[in-house]
Each structure stands twice: as structure tokens, then as C-alpha cells.
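The structure appears right after this line, and notes come after that.
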Amino acid sequence: MTKNTPIDLNSFLEAAERGHHEDGEYLQALREIAVDVWPVIEQSPRYRDWRVIERLMAPDRIISFKVNWTRDDGSIALNRGWRVQHSDVLGPYKGGLRFHGDVHESELKFLALEQTFKNALTPLTLGGAKGGADFDPRGCSEQEIMRFCQAFMTRLAPHIGARTDIPAGDINVGTREIGYLFGQYRRMSNAFEGALTGKGTGWGGSPVREAATGHGLVHFAALAARAVGKEMEGHSVIVSGSGNVASHAAECLIAQGAKVKTLSGRAGTLIWKDGADHAAILSLREARAAGERDLSRLAGEVGASWHDGLSAFEVDGDIAMPCATQNELDEADARRLAETGCWMVAEGSNMASTAQAQKFLREAEGLVYAPSKAANAGGVAVSGFEMARNARFSALNPSALDDELRNVMSHIFEQCCEAAPREGDYAAGANIAAFHRLAEAMIAQGVG
Ligand code: NDP
């Protein structure tokens, strides 16, 4: 192999900043990974010679397209859609679709990079991707959501497929939206194939998929707790968000005997002083599925108090589980949580903590930090089982899947422990373990 001029970490980061100067979140994710894996690169001339890090950090391609569709009143709406295909070196591109008014290319680039590393931590053969649109479904009718999904898929379909790229759900994309997207893909391709995951269980979906990210998060947190001699049982947990990941994490926490004190939305926080019960979580989930997003209206019904404008992280708890969106937990939140006795932060949302918060959490004495890349990989793992089901046209056994999910989370946890440069540094462990797998596959498959 011809030798390339070796670069140091600073030169690499400076070059990344020049190349992606408008991409704040992407640079944040890239920097976090690069700092952790650099010592590995310095010890491995092969990785330097093959320019693994430079090649791995850039997405394979970004597909950007317009999405035009018609509102109920006949007016025409214009949106932008994207699919960032980051890497298919470990398998077909795989990652969710996000519909949100604030979605932009940089956000999807960072999510696709994170997804590539997350998928590499699972034992499955999955590449990494992410996509979405700057479409805000709030206030849209069911018919409008269907027409938007169909218009979005009309543009996306040529770029995906069961062996090419398999999107799934993410913020504001649940089973209903996946149904409309899948229906359009099926009609366009004249093929019933597993080109999307997160489908309904009656038509190719996986029984545990919807709950898998939240449940997997709690399994990972329980393993990390046990490593410091603690159990989830009896501890109070601050959960942010009230969507898919938050509500399934809450359900699993309650089943493990933990006390769920909060769920939240963009407008404020619901607090259960003595902990929510299972019925409250189910009511909230049903209300959300029926289109209700105003948590303040539901507080009385679910036995909680409503706190307008309050962040969940302003509430005291033993454990914090951010499950809403990226950079939702900042350094001030992290410091306050630690000062008030919180001993674990386990991330359900991707890159839940800002760079400064993450630095603090990783260095704080006696605080366990479970990074999203590892802790929220349960969803994509079960998506992998759904893909296998679709390829075989067979059924899946729900109780076996629960065991599979636990096994995958244990596998990920063990990998993080083995690769961690110091005990309990799961963030570095996740980055290094994923990097090794990706780097070896890139070298084995040659430059191209
Ligand atoms: P949902 O759409 O089901 O729920 C999103 C939740 O986050 C809602 O409570 C929403 O509040 C809140 N939220 C959205 N945007 C913001 C914002 N800008 N500020 C504060 N709160 C916000 O999404 P999911 O539960 O599926 O996803 C949540 C997180 O988990 C995301 O980071 C996602 O990438 C990650 N994730 C999801 C996976 C999955 O399987 N679904 C897999 C792995 C990671 P409101 O209702 O008020 O809008």
C-alpha cells in the first residue's frame, strides 16, 4: 500500500471544519468520534495507510429532492426531502426517516454518521443512513399526511430497496406513516419486499419493533447500573419526550420497578410525584396515536401535574433518560442533575447531550453515562430481524424476539466494555468498537 502523508487529529478536524463549516451538528458528531478513535489510528499504520478515518467520515452520497403535494383545500405545498446514505460497507444502508419543520441537511448528515456507528455495534450486517423532510405534520389531516408520504416516496423510491437502502421511522414517522410510504413503494415497484421497516405486524412488520428502542435503552441502562452495583428497581427516573422511545422506555422502567417521574413535550413537562403507572403511559400513547399532542390537556386524565415551559431535566431524579431530540440536555442541565444526586444519564434520543454536557458527563465522578449510539440501538436491531423475516416470507415469534433484543443489547454493552480505554467509558468504547469493525471491512473490501 502506498504511504499517504500522515495527518494528526488537529489537521483532520481543521479539514473537516473547512469542508463542513455550515454543518454544526455533523461536526459535533464527527469530532466526538475522531477524538475517541485517534489513539487507535495512531497505533495502527494500516488504518493510516488506508486513510480509513477520512474515507469513513464522509457520506457516500446525499440525495436531495423536492416534495410537492396538495392540501385538503386544494392549495399546493412545497417541501424538501433528503436521504443521506452514509456507508454500506457493513450491509445495505439502514436508518430512519424524520419529518419535522426544522429538519435540514446537516441534521440528517449527523444522524446518518451516528447510525453507521450504531449499526456497526450490533451483530447484524447493516450500513448507515438517515433521511427525512422539512414537513411538519402538526395540524395536517390524515389525508394530507397520506398525500405527503406518497409524494415523498415517489421521489425516494428509485434510491431504496430491500438490498440497497431500507428506511424506518424516526421523529413523527410511526407505523401509520410507514404504512403510507410502504404502500406507495409497493405500487411503484410492483413488488412486496422489505424496503422499509417499522411496518404493521399483519403485513411484514416485527412484533417488538415499536417498543424495541425504548425497551433496549432500559436493558442497556440496567446492565450499566449493575456494573456499578445498582439495580433500576426503586430508583426515580426523569424521562424527556413523550413519543415512541420515551413511552416505551417508561413502560419498561415501570415493569422493572423504577419510578417514572416525568414525560415531556416541546411545551412543558408532566410530573408524577409518586411515579406514573402503566395505565397512564398507555393512555398517553393512545392519545398521541389519535393525534393529540397537547400534554397539558391530558395531565388530569393520567394523574400528573402539568408544568408549562419546564424542562424535564429541571426535575430531580436518580436517573435521567433524554428521549426527545438531539442536544436537548446542555451542560447546565448535566451539572444540575449531578448536583442533585442523579447517578446515570442514559440517552434514548440521538446525540441527546451537547458536546459540553457530554464532556461533563463522561468525566463526572460517580456518574454513569450511556451514550445513544449504544443505548438506543435496540430499534435498529429489531429492524434487522424484520428484514430477515421479509427476506424469508416467514413469521416472527414475539417472545423469542424479546430475548433476541436483550441478547443484542448485552452484545453491544460487552463490546463497549471491551473497547473502552478506561472502565465505564461506554462512549469511547462504542466509538472504538464500531470503528474497528468498519475499518476492517473497508480495508477488506478495497478502495473504491
Ligand atoms: P416521536 O416523534 O415519537 O417523539 C418525539 C418526541 O420528542 C415528542 O415528545 C416531541 O414533542 C419531542 N420533540 C421533538 N422535537 C423536539 C424539539 N425540537 N424539542 C423538544 N422536544 C422535541 O419520536 P421518537 O420517539 O421515535 O424519537 C425520539 C428520539 O429517539 C429521536 O432523537 C430519534 O432519533 C431517537 N431514536 C428513535 C428511534 C425509534 O425507533 N423511533 C430509534 C433510535 C433513536 P412534541 O410531541 O411536543 O412534538
Side-chain angles (χ1 to χ4, degrees), residues 25 29 94-104 107-108 110-112 114-115 117-119 121-122 126 128 130-132 135-139 167-178 197-198 205-206 208-217 220 239-251 262-270 284-285 287-289 291-298 306 308-313 321-330 333 346-353 371-384 386 405 409:
E25 287 156 338
K94 179 93 197 92
L97 295 172
R98 176 175 290 193
F99 293 166
H100 196 292
D102 296 337
V103 162
H104 50 278
E107 180 179 21
L108 299 172
F110 112 71
L111 287 163
E114 290 283 294
Q115 192 78 45
F117 273 68
K118 183 192 318 221
N119 294 0
L121 287 172
T122 73
L126 301 170
K130 201 82 184 188
F135 164 70
D136 186 350
R138 282 179 304 174
D170 192 75
I171 291 180
N172 289 328
V173 180
T175 310
R176 175 183 64 175
E177 289 74 19
I178 291 289
T197 59
S206 164
V208 179
R209 172 61 187 95
E210 211 178 61
T213 305
H215 287 196
L217 168 67
F220 191 98
V239 181
S240 72
S242 47
N244 175 297
V245 179
S247 88
H248 287 100
E251 162 187 276
T262 63
L263 284 176
S264 66
R266 275 179 261 197
T269 294
L270 288 170
L284 283 172
R285 194 180 301 151
R288 192 176 172 88
E292 177 60 89
R293 294 295 170 93
D294 186 347
L295 294 178
S296 69
R297 281 212 289 258
L298 299 166
W306 171 251
D308 214 42
L310 185 86
S311 144
F313 309 121
M321 287 194 176
C323 295
T325 192
Q326 67 267 17
N327 287 332
E328 57 176 307
L329 194 148
D330 65 18
D333 295 324
E347 297 180 333
S349 46
N350 286 306
M351 205 166 75
S353 310
S372 56
K373 208 174 278 143
N376 75 12
V380 74
V382 174
S383 277
E386 183 173 332
L405 174 61
M409 297 317 294

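One-based numbering, in listed order, for ligands and for the atoms of each.
Taking a 4.0 Å cut-off on heavy atoms, Arg209 registers as neighbouring ligand 1. By the 4.0 Å heavy-atom criterion, Ala352 is excluded from the residues contacting ligand 1. Note on ligand 1: Met351 sits outside its first shell, no heavy atom being nearer than 4.0 Å. In this structure, Arg138 does not count as a contact residue of ligand 1, since none of its heavy atoms falls inside 4.0 Å of the ligand. Remark: distances from the non-hydrogen atoms of Gly169 to ligand 1 are all 4.0 Å or more.
Where the criterion is an N or O separation shorter than 3.5 Å, residue side chain and backbone included, Asp102 fails it with respect to ligand 1. Considering backbone and side-chain atoms together, Thr213 places an N or O closer than 3.5 Å to an N or O of ligand 1. Looking at ligand 1, you won't find any N or O of Ser349 less than 3.5 Å from one of its N or O atoms. Residue contacts with ligand 1: Asn350 is placed with a nitrogen or oxygen under 3.5 Å of a nitrogen or oxygen of the ligand (distance criterion only). Here's the thing with Thr325: none of its N/O atoms is less than 3.5 angstrom from an N/O atom of ligand 1. Checked against a 3.5 angstrom limit, the closest N/O atoms of Asn376 and ligand 1 fall outside it. Checked against a 3.5 angstrom limit, the closest N/O atoms of Asn244 and ligand 1 fall inside it.
With respect to atom 21 (N) of ligand 1, the closest heavy atom belonging to the protein is Arg266 CG, 3.5 Å. Summary of contacts: the protein heavy atom closest to atom 46 (O) of ligand 1 is Arg288 NH1, 2.8 Å. From the protein, the heavy atom lying nearest to atom 24 (P) of ligand 1 is Val245 CG2, 3.9 Å. Of all protein heavy atoms, the one lying nearest to atom 15 (N) of ligand 1 is His100 NE2, 3.2 Å. The closest protein non-hydrogen atom to atom 9 (O) of ligand 1 is Ser242 N, 2.8 Å. Given atom 34 (O) of ligand 1, the protein heavy atom at minimum distance is Asp170 OD1, 2.6 Å. Given atom 2 (O) of ligand 1, the protein heavy atom at minimum distance is Asn172 N, 2.8 Å.
Side chains of Leu295 and Ser242 form a contact here, defined as non-hydrogen atoms less than 4.5 Å apart. Two residues are said to be in side-chain contact when any heavy atoms from C-beta on lie closer than 4.5 Å; Leu97 and Glu177 fail this criterion. Residues His100 and Thr325 have side chains not in contact (no heavy-atom distance under 4.5 Å, counting atoms from C-beta outward). Between Asn376 and Glu347 the shortest side-chain heavy-atom distance does not fall below 4.5 Å. Contact of the Leu284 side chain with the Leu270 side chain is registered, since non-hydrogen atoms from C-beta on lie closer than 4.5 Å. Between Arg98 and Asn172, the closest side-chain pair of non-hydrogen atoms is not below 4.5 Å. Inter-residue side-chain proximity for Glu114 and Gln326 is flagged as unmet; no heavy-atom pair is nearer than 4.5 Å. You'll find the side chain of Arg288 stays beyond 4.5 Å of the side chain of Arg285, heavy atoms only.
Every atom of ligand 1 is numbered from 1 in the order shown, and the set under 4.0 Å from a heavy atom of Ser264 is 9 (O). Close approach of ligand 1 to Gly348 (heavy-atom distance below 4.0 Å) involves ligand atoms 30 (O), 35 (C), 44 (C). Shown in contact with Gly265 at under 4.0 Å from a heavy atom are these atoms of ligand 1, numbered in order with element: 11 (O), 47 (O). Here is the list of ligand 1 atoms found below 4.0 Å of a heavy atom in Arg98: 31 (C), 32 (O), 33 (C), 34 (O).
At least one donor-acceptor pair closer than 3.5 Å links the side chain of Thr269 to the backbone N or O of Ala312. Between the side chain of Ser296 and the backbone N or O of Trp306, no donor-acceptor pair lies under 3.5 Å. Of the possible polar contacts, none joining the Glu107 side chain to the Glu25 backbone as a donor-acceptor pair under 3.5 Å is found.
The residue Ala212 has no part lying near ligand 1, judged by heavy-atom distances below 4.0 Å. Residue contacts with ligand 1, taken as heavy atom pairs separated by less than 4.0 Å, do not involve Glu328 at all.
Atom 28 (C) of ligand 1 has its nearest heavy-atom neighbour, among Gly241, Gly243, Ala324, in Ala324.
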For the pair Asn244 and Glu210, evaluate side-chain contact (heavy atoms from CB on, under 4.5 Å) and give the outcome as yes or no after the intermediate values. CA-CA 7 Å; Asn244 175 297; Glu210 211 178 61; 3.4 Å; yes
Report the C-alpha distance between Leu217 and Cys323 in whole Å, list the side-chain angles of each, state the deciding distance to 0.1 Å, and finish with yes or no for side-chain contact (heavy atoms from CB on, under 4.5 Å). CA-CA 10 Å; Leu217 168 67; Cys323 295; 3.7 Å; yes
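Atom OG in Ser372 sits 5.0 Å away from atom CG in Asn350 (nearest 0.5 Å). Here the CZ atom belonging to Phe313 is positioned 11.5 Å from the CE atom belonging to Met321, to the nearest 0.5 angstrom.
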